[in-house]
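Step one of this worksheet: look at the structure below.
Naming convention: chains lettered A, B, ... in sequence-line order (proteins, then strands); numbering from 1 in each chain.
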Amino acid sequence: MSRQVLSSTPELDTQVELRGWVRSRRDSKSGISFIALSDGSCFDTIQIVAQNNLANYADILRLTKDCSIIVTGKVVASLGEGQHIEILADNIKILGFVENPDSYPVSPKRHTVEYLREVAHLRPRTNLIAAVMRIRNTVSYAIHQYLQDNGFFWIHTPLITAADAEGAGELFQVTSLDLNNLPKDEQGKVDFKRDFFGSPTFLTVSGQLNAEAYCLGMSKVYTFGPTFRAENSNTTRHLAEFWMVEPEIAFANLMDNALLAKSLLKYVFKTVLDKNADDMGFFAQFINKDVVTRLEQLVNQEFAVLTYTEAIDFLLKSNKSFENEVSWGIDLASEHERWLCEELMQRPTVVTDYPRDIKAFYMRQNDDGKTVAAMDILAPGVGEIIGGAQREERYDVLVARMQEMDISRETLYWYLDLRRFGTVPHAGFGLGLERLISYITGVQNVRDVIPFPRASKSANF
RNA sequence: GCCUCAAUAGCUCAGACGGUUAGAGCGACGGACUGUUAAUCCGCAGGUCGUAGGUUCGAUUCCUACUUGAGGCGCCA
């Protein structure tokens with residue numbers, strides 16, 4: 001609508017109909033009002049010129065921000081400075097006034113993101129949130145496009161699972177039992193045989209294990225959907241419900257995996273720059289002046305790549321005093337990750353080959369006996385946006401590792417089967433959609449880049 | 001889960017060593033002016049000072065608890 005009108009430079013004198021919400025109204029006593037109209041389809045508003053010969057001009061003078069209207073009129077060259085065309089209205093139908101403009105929650109002024117979270121149902125009418133969501137749409141579409149163009153199949157892995165996939169993170173339990181009247185077995189414990197699925201079930205924390213099954217049959221697959229973690233994380237980069245992309249490639253090692261991750265990110269960055277230049281310009285003006293230039297650089301520049309062991313060396317030689325002491329074997333703390341990508345490398349940084357003792361059971365053990373073929377990609381200002389690994393494809397090694405880490409081989413028998421029947425080297429990663437969007441837009445809290453955030457103590461709307 | 005900070009007008013904040021009428025900006029509303037565009041200028045309205053207790057002659061101000069929000073850490077995407 002307004003995007004079509006604004007981007008296509010339509011013929012002058014074309015008759016158009018536009019529907020949307022009033023962003024602002026300015027009147028001239030000479031009997032003319034200017035309405036900035038938005039339908040959310042693009043950043044720019046379109047200017048409607050309403051003259052006092054309109055039958056309902058008295059009502060038009062009462063229009064305030066976010067009143068909804070349908071305008072019919074003619075595309076004309078603008079006499080003013082800010083735009084090349086405008087719409088000379090010959091009819092403005094008012095669909096809905098705003099009842100109480102003095103206390104309307106998203107009045108035409110700057111609001112904090114914290115406040116906008118409290119009115120999450122109305123924040124799509126702000127420049128900030130609408131721009132974020134247009135970019136979220138572009139990013140999601142670009143991810144699908146890149147993977148589809150490169151031979152990946154989108155696999156819809158289940159959201160309800162019986163197994164705690166990675167042993168990582170608290171799970172949300174799914175049940176249809178009456179919590180006030182739980183059935184008990186002979187030992188007095190809850191009898192999950194009488195639950196809907198006949199066993200305890202949970203919301204998934206990752207589609208990876210299921211994706212591996214399809215990878216080892218269809219070669220290149222990915223999952224893209226919501227995942228859930230019941231961790232009481234109170235930070236700017238955690239959500240209880242978030243979206244994750246998890247590609248999984250067969251006949252591949254860690255370097256193939258890293259290459260895919262980097263190419264995918266570059267494609268997404270380039271697509272956003274091409275498609276959402278106006279939205280990005282807004283973020284550069286109001287959120288972080290570097291967001292556009294850093295994306296442009298990244299499209300052409302290589303990411304930094306270093307091993308965990310090299311990273312530790314850099315940290316030890318940095319002469320910086322960290323709160324958490326650095327030594328080989330520690331899990332990198334946020335401050336370490338931040339220093340590596342923000343100060344040392346000053347760009348997204350791939351860290352590979354972490355100590356085996358701090359990583360998940362399914363990661364492939366390296367020949368040194370100390371490390372696994374894992375990789376994280378760290379983004380300045382956001383931290384880890386990608387975590388991935390080459391998977392352990394050797395049955396015996398995997399079984400031994402599960403034993404060591406006390407992971408149930410009974411519930412994951414099917415995952416082990418994949419190593420018994422035609423196993424192949426394979427690798428994959430998880431990309432946090434919200435963290436990626438946060439990095440692209442400069443919007444610091446992931447709660448502001450998802451339409452309705454779910455976090456601990458917060459599931460409104 | 002741990003630590004720190006905050007809560008005063010629709011929003012963002014200031015303020016009172018505890019004492020008559022709690023201030024500003026933005027927004028809203030009214031007016032002036034103008035092919036305007038974060039318009040400009042003038043004016044007006046708008047407050048149970050988060051909730052519950054406590055101390056006190058008196059609490060929005062001090063204390064305690066609670067609630068909510070934010071940031072940092074941990075976990076991770």
**Item:** C1'-based separation of B:C49 from B:A7 [nearest Å]
**Value:** 10 Å

**Asked** Which residue pairs satisfy the ring pair (Phe, Tyr, Trp, His ring centres under 6.0 Å) criterion with at least one member in residues 39-75 of chain A, sequence neighbours excluded?
**Response** A:F43-A:F282

**Request:** Scan A:Q47 against the nucleic acid and name what it touches under 4.0 Å (heavy atoms): base, sugar-phosphate only, or nothing.
**Result:** base

**Prompt:** How many Å lie between CG on A:N324 and C1' on B:C73, as a whole number?
**Reply:** 8 Å

**Item:** P atoms of B:C41 and B:G27, separation to the nearest Å
**Value:** 11 Å

**Asked** Have A:S140 and A:N137 got a donor and an acceptor in their side chains that come within less than 3.5 Å?
**Response** no

**Request:** Mind listing the residues from residues 348-355 of chain A sitting with a heavy atom below 4.0 Å of RNA chain B? Number order is fine.
**Result:** none

**Message:** Walk along nucleotides 45-50 of chain B from 5' to 3' and tag each nucleotide B, S or - by protein heavy-atom contact under 4.0 Å, base first, then sugar-phosphate.
**Reply:** ------

**Message:** Here's one to test your reading of the geometry: is the NZ or CZ of A:R62 within 45 degrees of the ring axis of A:F97 and under 6.0 Å from its centre?
**Reply:** yes

**Item:** Touch class at under 4.0 angstrom, heavy-atom based, for A:R123 against every strand present
**Value:** nothing

**Request:** Measure from CD1 on A:I48 to C1' on B:U36 and round the result to the nearest Å.
**Result:** 14 Å

**Item:** Those residues that, when tested against A:Y146, pass ring-ring contact (aromatic ring centres under 6.0 Å, His included) (two or more places apart)
**Value:** A:Y267

**Item:** OP1 or OP2 of B:C73 under 4.0 Å from side-chain N/O of A:R237
**Value:** yes

**Asked** Taking the six-membered ring for Trp, are A:Y308 and A:W328 ring centroids under 6.0 Å apart?
**Response** yes

**Asked** For A:T307, which residues count as a side chain to side chain contact (heavy atoms under 4.5 Å, CB included) partner, sequence neighbours excluded?
**Response** A:T309, A:E310, A:T352, A:D353

**Request:** Would you mind checking if A:R447 and A:E114 are paired as a salt bridge, meaning a charged N to carboxylate O distance below 4.0 Å?
**Result:** no

**Asked** Tell me the ring pair (Phe, Tyr, Trp, His ring centres under 6.0 Å) pairs involving residues 105-129 of chain A, sequence neighbours left out?
**Response** A:H111-A:Y115, A:H121-A:F461

**Prompt:** When you check the gap from the basic side-chain N to the acidic O, do A:E86 and A:K74 get nearer than 4.0 Å?
**Reply:** no

**Message:** For a quick check, with a 4.0 angstrom heavy-atom cut-off, what is the B/S/- contact string for nucleotides 24-30 of chain B, read 5' to 3'?
**Reply:** --BBSS-

**Nearest listed nucleotide, side chain of A:Y115, among B:A39, B:A77, B:G10** = B:G10

**Message:** Rounding to an integer number of Å, can you tell me how far A:L37 CG sits from B:U37 P?
**Reply:** 19 Å

**Asked** Heavy-atom count around A:F452 CZ within 6.0 Å, excluding the residue itself: above 12?
**Response** yes

**Atom pair distance, as rounded to whole Å: CD in A:E323 and C1' in B:G72** = 9 Å

**Message:** Wobble G-U and Watson-Crick pairs count when both distances are under 3.5 Å; given that, what is the 5' to 3' dot-bracket string of RNA chain B, with | for pairing to other strands?
**Reply:** (((((((..((((.....[...))))..((((.......))))......(((((..]....))))))))))))....

**Salt bridge A:R134-A:D278, side-chain N to carboxylate O under 4.0 Å** = no

**Request:** Classify the side chain of A:H238 and the base of B:C76 as holding, or not holding, a donor-acceptor pair under 3.5 Å.
**Result:** yes

**Message:** Please give the distance between the C1' atoms of B:U20 and B:G58 as a whole number of Å.
**Reply:** 12 Å

**Prompt:** Between A:R338 and A:E343, is there a side-chain N and carboxylate O pair less than 4.0 Å apart?
**Reply:** no

**Message:** Please enumerate all residues that pass side chain to side chain contact (heavy atoms under 4.5 Å, CB included) together with A:F152, with sequence neighbours excluded.
**Reply:** A:L147, A:N150, A:K220, A:Y222, A:P247, A:I249, A:L260

**base_contact_polar (B:G35 base, A:E86 side chain, donor-acceptor, <3.5 Å)** = yes

**Message:** Say we look at B:U68 and B:A22: how far apart would their C1' atoms be, to the nearest angstrom?
**Reply:** 24 Å

**Message:** Please determine whether a side-chain nitrogen of the Lys or Arg among A:D357 and A:R401 lies less than 4.0 Å from a carboxylate oxygen of the Asp or Glu.
**Reply:** yes

**For atom CD of A:E335 and atom P of B:G72, their distance in whole Å** = 13 Å

**Prompt:** Rounded to whole angstrom units, what separation is found between the CD1 atom of A:I35 and the P atom of B:G35?
**Reply:** 18 Å

**Request:** May I ask you to verify if any side-chain N or O of A:S33 is less than 4.0 angstrom from the OP1 or OP2 atom of B:U36?
**Result:** no

**Item:** cation_pi(A:R294, A:Y439) dist<6.0 Å, angle<=45
**Value:** yes

**Prompt:** Can you name the ring-ring contact (aromatic ring centres under 6.0 Å, His included) partners of A:F429, sequence neighbours left out?
**Reply:** none

**Asked** Looking only at side-chain N and O atoms, does A:S24 come under 4.0 Å of OP1 or OP2 in B:U37?
**Response** no

**Request:** Please state the P separation for the pair B:U64 and B:G25 - nearest whole angstrom.
**Result:** 36 Å

**Asked** For the base of B:C73, is there a side-chain donor-acceptor partner from A:S334 under 3.5 Å away?
**Response** no

**Message:** Please tell me whether A:H426 and A:E212 have a donor and an acceptor in their side chains that are separated by less than 3.5 angstrom.
**Reply:** yes

**Request:** Step through the shown structure and confirm whether more than 12 heavy atoms of other residues, nucleotides or ligands are within 6.0 Å of CZ on A:F153.
**Result:** no

With the criterion being N/O to N/O and under 3.5 Å, what pairs connect the protein with nucleotides 65-71 of chain B, and how long is each?
residue, atom, partner, partner atom, Å
B:A70, OP1, A:R117, NH1, 2.5
B:G71, OP1, A:N445, ND2, 3.2
B:G71, OP2, A:N445, ND2, 3.4

**Request:** Specify the separation, in whole Å, of atom CG of A:D27 and atom P of B:A32.
**Result:** 12 Å

**Request:** For B:U67 versus B:C57, give the span between their P atoms, rounded off to a whole number of Å.
**Result:** 32 Å

**Asked** Do A:S438 side-chain atoms and A:E434 backbone N/O form a donor-acceptor pair below 3.5 Å?
**Response** no

**Message:** Let's see if you get this right: which residues in residues 379-387 of chain A place a heavy atom under 4.0 Å from RNA chain B?
**Reply:** A:E384, A:I385, A:I386, A:G387

**Request:** For B:G43 and B:U48, measure between their P atoms and round to the nearest Å.
**Result:** 26 Å

**Audit row: A:T72, A:Q15, side-chain hydrogen bond (donor to acceptor under 3.5 Å, both in side chains) steps and yes/no** = CA-CA 7 Å; A:T72 53; A:Q15 194 73 13; 5.0 Å; no

**Item:** Electrostatic pair A:D448:A:R123 at N-O distance under 4.0 angstrom
**Value:** yes

**Prompt:** Taking atom C1' in both B:A59 and B:G53, what distance in whole Å separates the two?
**Reply:** 13 Å

**Message:** What is the separation between atom CG on A:L171 and atom P on B:C76, rounded to the nearest whole Å?
**Reply:** 14 Å

**Asked** Of the nucleotides B:A77, B:C75, B:U12, which one has an atom closest to the side chain of A:T112?
**Response** B:U12

